[in-house]
Amino acid sequence: MARAFVFPGQGSQDVGMGKALADAFPSARAVFDEVDDALGEKLSAIIWEGPKETLTLTENAQPALMAVSVAVMRVLEKEKGFSLADHVKFVAGHSLGEWSALTAAGAFSVGDAARLLRLRGQAMQKAVPVGVGAMAALLGVGVDVAEKVAAEAAQGDVCQVANDNEPTQVVLSGHKTAIDRVMEIGKAFGVRRAVPLPVSAPFHCKLMQPAADAMAEALASVTVLAPAVPVVANVLAEPISDPDDIKKRLVEQVTGTVRWRECVAAMAAAGVTDFYEIGAGKVLAGLVKRTAPSANAMSVGTPADIDAAIAALTQ
């Protein structure tokens with residue numbers, strides 16, 4: 001039996017997330033204090049009190065979700081005596097969740113991760129004027145069909161696969177004009193439903209190149225350590241541990257496809273039977289089950305979840 005810890009991405013945020021952890025465990029409270037100090041503002045107040053529109057802003061949601069995930073990890077380690085290196089084979093995260101995974105595994109300090117994710121969110125938002133880009137989820141088809149839809153809809157615009165989430169859910173990203181065409185032509189390719197996503201920018205496509213450039217510059221001056229366990233990189237769907245490689249792949253990830261289905265499949269093929277979603281929400285547990293139906297998936301985000309997880313992890 002092998003385990004993987006996976007970390008959620010943007011969209012899993014909710015006002016109040018992590019509050020019960022911070023109230024119950026000093027080590028969790030300390031993570032939120034570290035993030036507040038690094039950013040020079042009380043992000044914790046936005047996380048716990050809202051309003052939701054402010055928390056959902058990309059520049060807030062990204063460091064906020066990382067904070068909750070790392071708070072869960074700190075409780076497991078500091079309060080429950082759990083060792084990631086001893087009990088987990090891989091870590092992985094969905095988009096910004098890859099940063100949470102790396103921070104949880106010791107590659108980044110919490111302060112550096114918070115500052116870099118604030119920059120990442122701001123750079124992604126600035127890369128494309130509001131209204132120029134869009135994203136849509138295609139339900140009922142896999143990545144092969146989605147790529148055909150994207151090619152047909154592009155017509156000179158950018159339209160590419162942003163997230164390959166699971167065998168029947170793929171997200172496309174690009175110019176709004178192209179995504180509008182996706183909505184019209186999807187049915188002809190067997191798409192059960194095309195759902196426009198409520199996002200403020202077209203993530204994980206070529207239009208994000210200015211944000212990728214900003215991240216390359218920022219990462220150049222930050223120390224990255226080898227993680228305690230390998231991280232399965234979004235853009236490779238393979239495990240990596242070398243700090244320079246980690247920096248390179250995080251830059252590529254800004255414009256590249258989140259190959260989540262392949263990441264899960266690769267971990268399952270390497271013997272992982274138990275996936276633990278560390279942080280807010282339950283999105284990844286569902287994606288794992290649809291990609292690797294024989295795997296076990298558990299979401300760990302509350303004090304009660306932690307007790308259940310520790311019981312399973314120490315069997």
Colleague: Between Thr54 and Asn60, which heavy-atom pair has the shortest distance, and what is it?
Modeller: O-ND2, 2.8 Å

Colleague: Could you give the distance from CH2 (Trp99) to CG (Leu116), rounded to the nearest 0.5 Å?
Modeller: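 That separation rounds to 4.5 Å.
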
Colleague: Are Ile310 and Met73 connected in a single hydrophobic cluster, I mean Ile/Leu/Val/Met/Phe/Trp/Tyr linked by side-chain heavy atoms less than 4.5 Å apart?
Modeller: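 Same cluster: Met73 reaches Ile310 through Ile, Leu, Val, Met, Phe, Trp or Tyr contacts under 4.5 Å.
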
Colleague: Name all residues meeting the ring pair (Phe, Tyr, Trp, His ring centres under 6.0 Å) criterion together with His94; count only those two or more places apart in sequence or in a different chain, and write none if there are none.
Modeller: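 If we apply the ring pair (Phe, Tyr, Trp, His ring centres under 6.0 Å) test to His94, skipping adjacent residues, the hits are Trp260.
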
Colleague: Under the side chain to side chain contact (heavy atoms under 4.5 Å, CB included) criterion, do Leu76 and Phe5 qualify, and how do the steps go?
Modeller: CA-CA 12 Å; Leu76 289 171; Phe5 276 16; 4.0 Å; yes

Colleague: Using the side chain to side chain contact (heavy atoms under 4.5 Å, CB included) criterion, which residues pair with Pro63? Sequence neighbours excluded.
Modeller: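 Here the qualifying residues are Leu39, Leu43, Leu117.
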
Colleague: Under the salt bridge (charged side-chain N to carboxylate O under 4.0 Å, His left out) definition, can you give me all pairs with a residue in residues 105-117, not counting sequence neighbours?
Modeller: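 Sorted pair list: Asp112-Arg115.
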
Colleague: Give the table of side-chain donor-acceptor pairs shorter than 3.5 Å for residues 209-225, with sequence neighbours excluded, one pair per line with atom names and distance.
Modeller:
residue	atom	partner	partner atom	Å
Gln209	NE2	Asp213	OD1	2.8
Ser221	OG	Ala218	O	3.2

Colleague: Which atom names give the shortest non-hydrogen contact between Leu55 and Ala64, and what distance separates them?
Modeller: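 Taking every non-hydrogen atom into account, CD1-CB, 3.8 Å.
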
Colleague: Would you check if Met298 and Val300 make a side-chain contact, meaning some heavy-atom pair closer than 4.5 Å?
Modeller: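 They are in contact (side-chain heavy atoms under 4.5 Å apart), so the answer is yes.
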
Colleague: What's the separation between atom NZ in Lys89 and atom OG1 in Thr273, rounded to the nearest 0.5 Å?
Modeller: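 Going from the NZ atom of Lys89 to the OG1 atom of Thr273 covers 10.0 Å.
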
Colleague: Scan residues 60-85 for pairs that pass salt bridge (charged side-chain N to carboxylate O under 4.0 Å, His left out), counting only residues two or more places apart or in two chains.
Modeller: Glu34-Arg74, Lys80-Asp307

Colleague: By the side-chain hydrogen bond (donor to acceptor under 3.5 Å, both in side chains) test, which pairs, at least two apart or in different chains, include something from residues 11-22?
Modeller: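 Qualifying pairs, neighbours excluded: Lys19-Asp23.
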
Colleague: With a 4.5 Å cut-off on side-chain heavy-atom distances among I, L, V, M, F, W and Y, is there a chain of contacts connecting Val258 to Val283?
Modeller: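 Val258 and Val283: one cluster.
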
Colleague: What residues form a side chain to side chain donor-acceptor pair (under 3.5 Å) with Gln125, not counting sequence neighbours?
Modeller: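 Testing Gln125 for side chain to side chain donor-acceptor pair (under 3.5 Å), a comparison that skips the adjacent residues, returns Ser200.
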
Colleague: Go through Met267 and Val6 one step at a time and tell me if the side chain to side chain contact (heavy atoms under 4.5 Å, CB included) criterion holds.
Modeller: CA-CA 11 Å; Met267 288 185 276; Val6 296; 4.2 Å; yes

Colleague: Judged by atom type as modelled, is there a donor-acceptor pair below 3.5 Å linking the side chain of Trp48 to the main-chain atoms of Val15?
Modeller: no

Colleague: Do Ile179 and Val195 share a hydrophobic cluster, counting only Ile, Leu, Val, Met, Phe, Trp and Tyr and linking them when any side-chain heavy atoms are less than 4.5 Å apart?
Modeller: no

Colleague: Same hydrophobic cluster for Val88 and Leu284, using side-chain heavy-atom links shorter than 4.5 Å among ILVMFWY?
Modeller: no

Colleague: Only pairs under 3.5 Å count here: list side-chain donor-acceptor contacts from residues 131-156, not counting sequence neighbours, and write none if there are none.
Modeller:
none

Colleague: Ser69: what forms a side chain to side chain contact (heavy atoms under 4.5 Å, CB included) with it, not counting sequence neighbours?
Modeller: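 Partners of Ser69 by the side chain to side chain contact (heavy atoms under 4.5 Å, CB included) criterion, ordered by chain and then number, come out as Phe7, Pro8, Ser100.
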
Colleague: If you compare all heavy atoms of Pro227 against all heavy atoms of Ile246, which two are closest, and at what distance to 0.1 Å?
Modeller: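 Reported closest heavy-atom pair: CD-CD1, 3.6 Å.
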
Colleague: Considering non-hydrogen atoms only, spot the tightest contact between Thr56 and Gln10 and give its length.
Modeller: O-NE2, 4.2 Å

Colleague: For a 4.5 angstrom cut-off between non-hydrogen side-chain atoms, does Arg261 reach Val170?
Modeller: no

Colleague: Enumerate the residue pairs fulfilling side-chain hydrogen bond (donor to acceptor under 3.5 Å, both in side chains) with a member in residues 126-142, sequence neighbours excluded, ordered by first and then second residue.
Modeller: none

Colleague: Carefully, step by step, assess Leu287 and Gln169 under the rule side chain to side chain contact (heavy atoms under 4.5 Å, CB included).
Modeller: CA-CA 9 Å; Leu287 298 183; Gln169 185 194 113; 4.3 Å; yes

Colleague: Would Glu49 and Lys42 satisfy side chain to side chain contact (heavy atoms under 4.5 Å, CB included), going step by step from the backbone distance to the final call?
Modeller: CA-CA 11 Å; Glu49 299 162 22; Lys42 283 279 188 186; over 6 Å; no

Colleague: Can you tell me which residue among His204, Arg259, Gln253 is in a side chain to side chain donor-acceptor pair (under 3.5 Å) with Asn234?
Modeller: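 For Asn234, the side chain to side chain donor-acceptor pair (under 3.5 Å) check succeeds only for Gln253.
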
Colleague: With a 4.5 Å limit on heavy-atom distance, are the side chains of Met66 and Val35 in contact?
Modeller: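 Answer yes - side chains close enough.
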
Colleague: With side chains defined as the heavy atoms from C-beta onward, is the minimum distance between Val161 and Leu172 less than 4.5 Å?
Modeller: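 Touching, per the 4.5 Å side-chain cut-off.
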
Colleague: Suppose the criterion is salt bridge (charged side-chain N to carboxylate O under 4.0 Å, His left out): which pairs have a residue in residues 237-248, not counting sequence neighbours?
Modeller: Asp245-Arg249

Colleague: To the nearest 0.5 Å, how far apart are CG in Leu21 and CZ in Phe32?
Modeller: 6.5 Å

Colleague: To the nearest 0.5 angstrom, please state how far the CZ atom of Arg3 sits from the CG atom of Leu313.
Modeller: 5.0 Å

Colleague: Between atom CG of Leu102 and atom CG of Leu250, what is the distance when rounded to the nearest 0.5 Å?
Modeller: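 With rounding to 0.5 Å, CG (Leu102) is 6.0 Å from CG (Leu250).
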
Colleague: Would you say Phe275 and Val232 are hydrophobically clustered, going by side-chain heavy atoms of ILVMFWY under 4.5 Å?
Modeller: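 Same hydrophobic cluster.
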
Colleague: Could you tell me which non-hydrogen atom of Met208 sits nearest to which non-hydrogen atom of Met124, and how far apart they are?
Modeller: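 Residues Met208 and Met124, closest heavy atoms: CE-O, 3.4 Å.
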
Colleague: Would you say His175 and Pro202 make side-chain contact, with heavy atoms under 4.5 Å?
Modeller: no

Colleague: Test your reading of the model: is there a side-chain donor-acceptor pair from Ser173 to the backbone of Phe203, 3.5 Å cut-off?
Modeller: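 It does hold such a pair.
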
Colleague: Could you pull out the closest heavy-atom pair between Ala295 and Val288, with the gap in Å?
Modeller: CB-CG1, 4.4 Å

Colleague: Are any non-hydrogen side-chain atoms of Leu65 and Leu96 less than 4.5 angstrom apart?
Modeller: yes

Colleague: Do any pairs count as a salt bridge (charged side-chain N to carboxylate O under 4.0 Å, His left out) and have a residue in residues 167-178, sequence neighbours left out, and if so which ones?
Modeller: Lys176-Asp180

